S.K.: 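To start, I am sharing the structure in question, which I have written as C-alpha cells.
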Amino acid sequence: MRRNMFRVRVSYLGKQYECGEYQSLKLAKIALEKYQAQAILGTFVAPVELKRRARAQRAAAQAQKTTVGQWSAIWLESLSDDAHRRSPGTIASYRSTLRAHILPALGETPLTALTPEQVEECANLARERGEGAYRNVVRTMRAMLNAAVAVQVGGLTVSPLEIKLGKTGSRRRTDEEIPSAEEVTALANAMPPELELAVLLAAWCQLRLGEVLGLQRQDFRDLDKPGKATLHVARQWLSKANPPTYGAPKDDSERTVVVPNTLANKVVKHLAQYTPDGPEAPVFASSLDKTRPISHNAFARRWNAAREIARPGTEFHALRHFGLSMYARTGATTAEIMRRGGHKDVEAASRYQHGSLKRDQELTAQLDSLIGSK
C-alpha cells in the first residue's frame with residue numbers, strides 16, 4: 001500500500017509549478033521554503049526543466065565523444081534517404097576513400113577534437129598515392145564534416161577542413177592523348193570479340209564507360225532503318241556500388257543519339273551473337289552472370305591488354321573525347337555537341353533547345369561517311 005505523499009507546488013510569475021512529492025510533511029515544508037525563496041529571489045527553475053537541462057548536458061557530452069569513424073557510419077547511412085540522396089556510385093566512392101585513407105588515420109579521433117592540421121596531414125598522406133587520392137580525401141572530408149556541422153554533432157559549428165581545391169573541370173586532353181580514327185579501329189580490333197562494340201560505341205556515339213556498360217537490348221531502336229537507328233542512353237552501370245546496380249547517367253544526362261549506319265550493322269550482329277534474350281538483357285554481359293553487365297574492373301583488364309597492343313597509355317574516356325571532336329568537324333553547333341554528349345551546364349542550358357533529333361540524324365549521316373572513309 002502506498003504511503004501518504006506530500007506534494008509541493010510553487011507559484012512563480014503567475015504560473016504554478018509542480019516541485020515534487022515528499023514522504024513526510026517536514027521534508028515537504030523544507031522543500032516549499034526553498035522553492036519559495038528562489039521565487040522571491042528570481043532564481044527559481046522548475047525541477048522538470050532542471051531534468052531536461054541535465055539530459056541535454058549528458059547528450060552533449062556523449063556527442064562530443066563521437067569519433068570520426070562513428071560519425072562516418074551515420075553519415076553514409078544518411079546519404080541513402082530522400083533528403084540527402086547521393087548516387088550509389090558516389091556513396092561507394094566515399095566509402096572506399098574513408099576505408100583506404102581517412103579511417104586508418106582519424107577513425108578513433110573525436111569529431112569535435114579534429115584539427116585543421118590533422119585533416120591536412122591525412123590528405124597529404126593520401127597524396128603520396130596520387131593527386132586523385134588527395135582530391136578524393138578532401139572532397140569526402142568536406143562532405144562529411146559539412147554534414148556534421150549542419151546538425152551540430154557534439155556542438156560542432158565550424159568544419160576543421162580548411163583546404164581549398166582548385167577547380168579542375170574537364171581536363172583538356174592534348175592531341176597526343178586523343179586517338180585517331182585508325183587507332184580507334186585498332187583498339188576495337190584488339191579487344192575480345194564480345195567487347196569490340198564497346199569501344200566503337202564509346203567513340204562514335206560518344207558514351208562514357210558507365211553508360212556503355214549500362215546498355216540494354218531495349219535501348220536500340222530502328223537498327224534496320226538507314227539513318228534512323230537510335231540509341232537511348234538511359235542509365236549507367238555502377239559496378240563499384242554496394243551492391244552493384246544501375247543508376248542514372250552522370251548529371252542526369254539521359255538522351256537519345258542517332259547511331260551511324262556502319263555502326264548499326266555491327267550492333268545488329270553483336271546483339272545476335274553476344275547479348276542474351278530479353279529487352280533488359282545487358283548488351284555487354286558478365287561472363288559470370290549473364291543477367292548483369294561486365295564489371296568495370298573486368299572490362300579494365302581487357303582494355304588495358306588491348307591498348308598495350310594498339311595504343312599504350314590510352315584512357316578509355318579519350319574515345320569519347322575523340323568522338324565529340326569528330327562530331328564537331330561535321331559542323332555541329334555547341335548546343336548540338338552538348339546534346340550529343342549529354343553535357344550539363346547551367347550557363348549553357350538555354351542552348352539545349354536548339355539541338356534536335358532531326359539535326360542529329362543529318363549530322364550523323366556525315367559522321368557515317370567519316371567512318372567509312374577510315
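Treat the numbers as computed from the prediction; the structure is a model and nothing was measured. Basis for what follows: all heavy atoms, side chains included, without hydrogens, waters or symmetry-related copies.
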S.K.: Please identify which of these residues, V233, T230, D219, meets the side-chain contact (heavy atoms from CB on, under 4.5 Å) condition with T256.
M.R.: T230
S.K.: For R320 and G341, indicate whether the former's side chain and the latter's backbone hold a donor-acceptor pair under 3.5 Å.
M.R.: yes
S.K.: Scan side-chain atoms only and decide if R340 and Q206 contain a donor-acceptor pair under the 3.5 Å cut-off.
M.R.: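 Looking only at side-chain atoms, Q206 and R340 do form a donor-acceptor pair, the distance falling under 3.5 Å.
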S.K.: Taking R307 for the side chain and T314 for the main chain, is one N or O donor matched with an acceptor at less than 3.5 Å?
M.R.: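 A pair under 3.5 Å: yes.
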S.K.: Report yes or no: does S253 contribute a side-chain atom to a donor-acceptor pair with the main-chain N or O of P249 at less than 3.5 Å?
M.R.: no
S.K.: Applying side-chain hydrogen bond (donor to acceptor under 3.5 Å, both in side chains) as the test, list every pair that has at least one member in residues 7-18; sequence neighbours left out.
M.R.: R7-E21, R9-E18
S.K.: Drop me the distance from Q216's CD to E280's CD, to the nearest 0.5 angstrom.
M.R.: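 One finds 5.5 Å between CD of Q216 and CD of E280.
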S.K.: Cluster question for you: counting only ILVMFWY and a side-chain heavy-atom cut-off of under 4.5 Å, with indirect links fine, are L238 and L76 together?
M.R.: no
S.K.: Between L25, L27, L32, which is the residue that forms a side-chain contact (heavy atoms from CB on, under 4.5 Å) with F6?
M.R.: L25
S.K.: Within the structure provided, determine whether Q366 and L370 are in side-chain contact (heavy-atom separation under 4.5 Å).
M.R.: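 The answer is no; the side chains never approach within 4.5 Å.
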S.K.: Of all the heavy-atom pairs spanning C122 and A105, show the shortest one and how long it is.
M.R.: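 Closest approach of C122 to A105, heavy atoms only: SG-CB, 4.2 Å.
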S.K.: Does one hydrophobic cluster hold both L200 and L324, with members joined at side-chain heavy-atom distances below 4.5 Å?
M.R.: yes
S.K.: Is there a side-chain contact between T66 and P110 (heavy atoms, below 4.5 Å)?
M.R.: no
S.K.: I would like to know whether T109 and L106 meet side-chain contact (heavy atoms from CB on, under 4.5 Å); could you show each step before the answer?
M.R.: CA-CA 5 Å; T109 304; L106 302 173; 4.2 Å; yes
S.K.: Looking at I294, is its backbone amide N or carbonyl O close enough to the side chain of S286 to form a donor-acceptor pair, meaning the two atoms are under 3.5 Å apart?
M.R.: no
S.K.: Can you see which heavy atom on F299 is nearest to which on A198, and at what distance?
M.R.: CE1-CB, 3.8 Å
S.K.: Before giving the answer on salt bridge (charged side-chain N to carboxylate O under 4.0 Å, His left out), spell out for R339 and E336 the whole-Å C-alpha distance, their side-chain angles and the decisive distance to 0.1 Å.
M.R.: CA-CA 5 Å; R339 179 188 179 279; E336 289 163 339; over 6 Å; no
S.K.: Taking only Lys NZ, Arg NE, NH1 and NH2, and the carboxylate oxygens of Asp or Glu, determine whether E194 and R302 approach each other closer than 4.0 Å.
M.R.: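 No salt bridge links E194 with R302.
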S.K.: Take E131 and R127 through the salt bridge (charged side-chain N to carboxylate O under 4.0 Å, His left out) test and state the conclusion after the steps.
M.R.: CA-CA 5 Å; E131 189 66 20; R127 195 173 224 156; 3.1 Å; yes
S.K.: Would you call L187 and M191 a side-chain contact if the rule is heavy atoms closer than 4.5 Å?
M.R.: no
S.K.: Measuring from L213:CG to Y246:OH, what's the distance to the nearest 0.5 Å?
M.R.: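 Rounded to the nearest 0.5 Å, the CG-OH separation comes out at 9.5 Å.
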S.K.: Please walk me through it: do R142 and L145 pass side-chain contact (heavy atoms from CB on, under 4.5 Å)?
M.R.: CA-CA 5 Å; R142 177 184 292 129; L145 293 173; over 6 Å; no
S.K.: Do P160 and T115 have side-chain heavy atoms sitting under 4.5 Å apart?
M.R.: no
S.K.: Do T67 and L111 make a side-chain contact, defined as non-hydrogen atoms from C-beta onward lying under 4.5 Å apart?
M.R.: no
S.K.: Using modelled atom types only, decide if a donor and an acceptor are shared between the side chain of E121 and the backbone of Q118 within a distance under 3.5 Å.
M.R.: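 Checked: no pair found.
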S.K.: Restricting to non-hydrogen atoms, name the atom on D368 and the atom on T262 that form the minimum distance, rounded to 0.1 Å.
M.R.: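 Smallest heavy-atom distance, with atoms named: OD1-N, 2.7 Å.
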S.K.: Once you round to the nearest 0.5 Å, how far does CG of L201 lie from CG of L195?
M.R.: 11.5 Å
S.K.: Ring centroid separation for F220 and H232, is it under 6.0 angstrom?
M.R.: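 They do not qualify: ring centres at least 6.0 Å apart.
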S.K.: Any idea which heavy atoms bring S180 and E183 closest together, and the distance?
M.R.: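 Residues S180 and E183, closest heavy atoms: N-OE1, 2.8 Å.
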S.K.: Should F322 and F316 be regarded as members of a common hydrophobic cluster, given that ILVMFWY residues are connected when their side-chain heavy atoms come within less than 4.5 Å of each other, either directly or indirectly?
M.R.: yes
S.K.: Is a donor from one side chain sitting under 3.5 angstrom from an acceptor on the other, for D289 and T291?
M.R.: yes
S.K.: Between the side chains of R139 and S93, is a donor N or O closer than 3.5 angstrom to an acceptor N or O?
M.R.: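 No pair is found: no donor N or O on one side chain lies under 3.5 Å from an acceptor on the other.
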S.K.: Please report the interatomic distance CH2(W237) to CZ(F284), rounded to the nearest 0.5 Å.
M.R.: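 W237 CH2 to F284 CZ: 15.0 Å, rounded to 0.5 Å.
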S.K.: About how many Å separate CG of L79 and CD1 of I74, when rounded to the nearest 0.5 Å?
M.R.: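 One finds 12.0 Å between CD1 of I74 and CG of L79.
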S.K.: To check you understand the geometry: which heavy-atom pair defines the closest contact between A203 and V184, and what is its length?
M.R.: CB-CG1, 3.7 Å
S.K.: For V199, which of T185, N189, L319, V212 qualifies under side-chain contact (heavy atoms from CB on, under 4.5 Å)?
M.R.: L319
S.K.: Answer yes if L114 and V151 sit in the same cluster of Ile, Leu, Val, Met, Phe, Trp and Tyr residues linked by side chain heavy atoms under 4.5 Å apart, and no otherwise.
M.R.: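 Same cluster.
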S.K.: Rounded at 0.5 Å granularity, tell me how far CD1 in I163 sits from CZ in R135.
M.R.: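 I163 atom CD1 to R135 atom CZ measures 11.0 Å (nearest 0.5 Å).
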S.K.: Give a yes or no on whether V45 and V10 share a hydrophobic cluster (residues Ile, Leu, Val, Met, Phe, Trp, Tyr; joining criterion: side-chain heavy atoms under 4.5 Å apart).
M.R.: no
S.K.: With a 4.5 Å heavy-atom cut-off, do E162 and P116 have their side chains touching?
M.R.: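 A side-chain contact exists here, since the closest heavy-atom pair is under 4.5 Å.
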S.K.: Does W204 have its ring centroid less than 6.0 Å away from the ring centroid of Y327?
M.R.: no
S.K.: Examine distances only and state if a side-chain atom of R235 and a backbone atom of L215 form a donor-acceptor pair shorter than 3.5 Å.
M.R.: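 The answer is no, because no donor-acceptor pair under 3.5 Å joins these two groups.
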S.K.: If we ignore hydrogens and angles and just use 3.5 Å, is the side chain of R221 paired with the main-chain N or O of L231 as donor and acceptor?
M.R.: no
S.K.: Say whether, by atom type as modelled, one donor and one acceptor occur between the side chain of N261 and the main chain of G227 under 3.5 angstrom.
M.R.: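 It does hold such a pair.
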S.K.: Under 3.5 Å, is there a donor-acceptor pair between the side chain of E211 and the main chain of R208?
M.R.: yes
S.K.: I would like to know whether M144 and V68 meet side-chain contact (heavy atoms from CB on, under 4.5 Å); could you show each step before the answer?
M.R.: CA-CA 9 Å; M144 180 179 67; V68 171; 3.9 Å; yes
S.K.: According to the interplanar angle, ranging from 0 to 90°, do the rings of Y94 and W75 count as parallel (below 30°), tilted (30 to 60°) or perpendicular (above 60°)?
M.R.: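 Aromatic pair Y94/W75 classed tilted.
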S.K.: Can you name the nearest heavy-atom pair linking S239 to P244, along with the distance?
M.R.: O-CG, 3.5 Å
S.K.: One pair to check against side-chain contact (heavy atoms from CB on, under 4.5 Å): E196 and H270. What are the steps and the verdict?
M.R.: CA-CA 9 Å; E196 176 184 347; H270 177 95; over 6 Å; no
S.K.: Can you check whether V259's main-chain N or O pairs, donor with acceptor, with T364's side chain at less than 3.5 Å?
M.R.: no
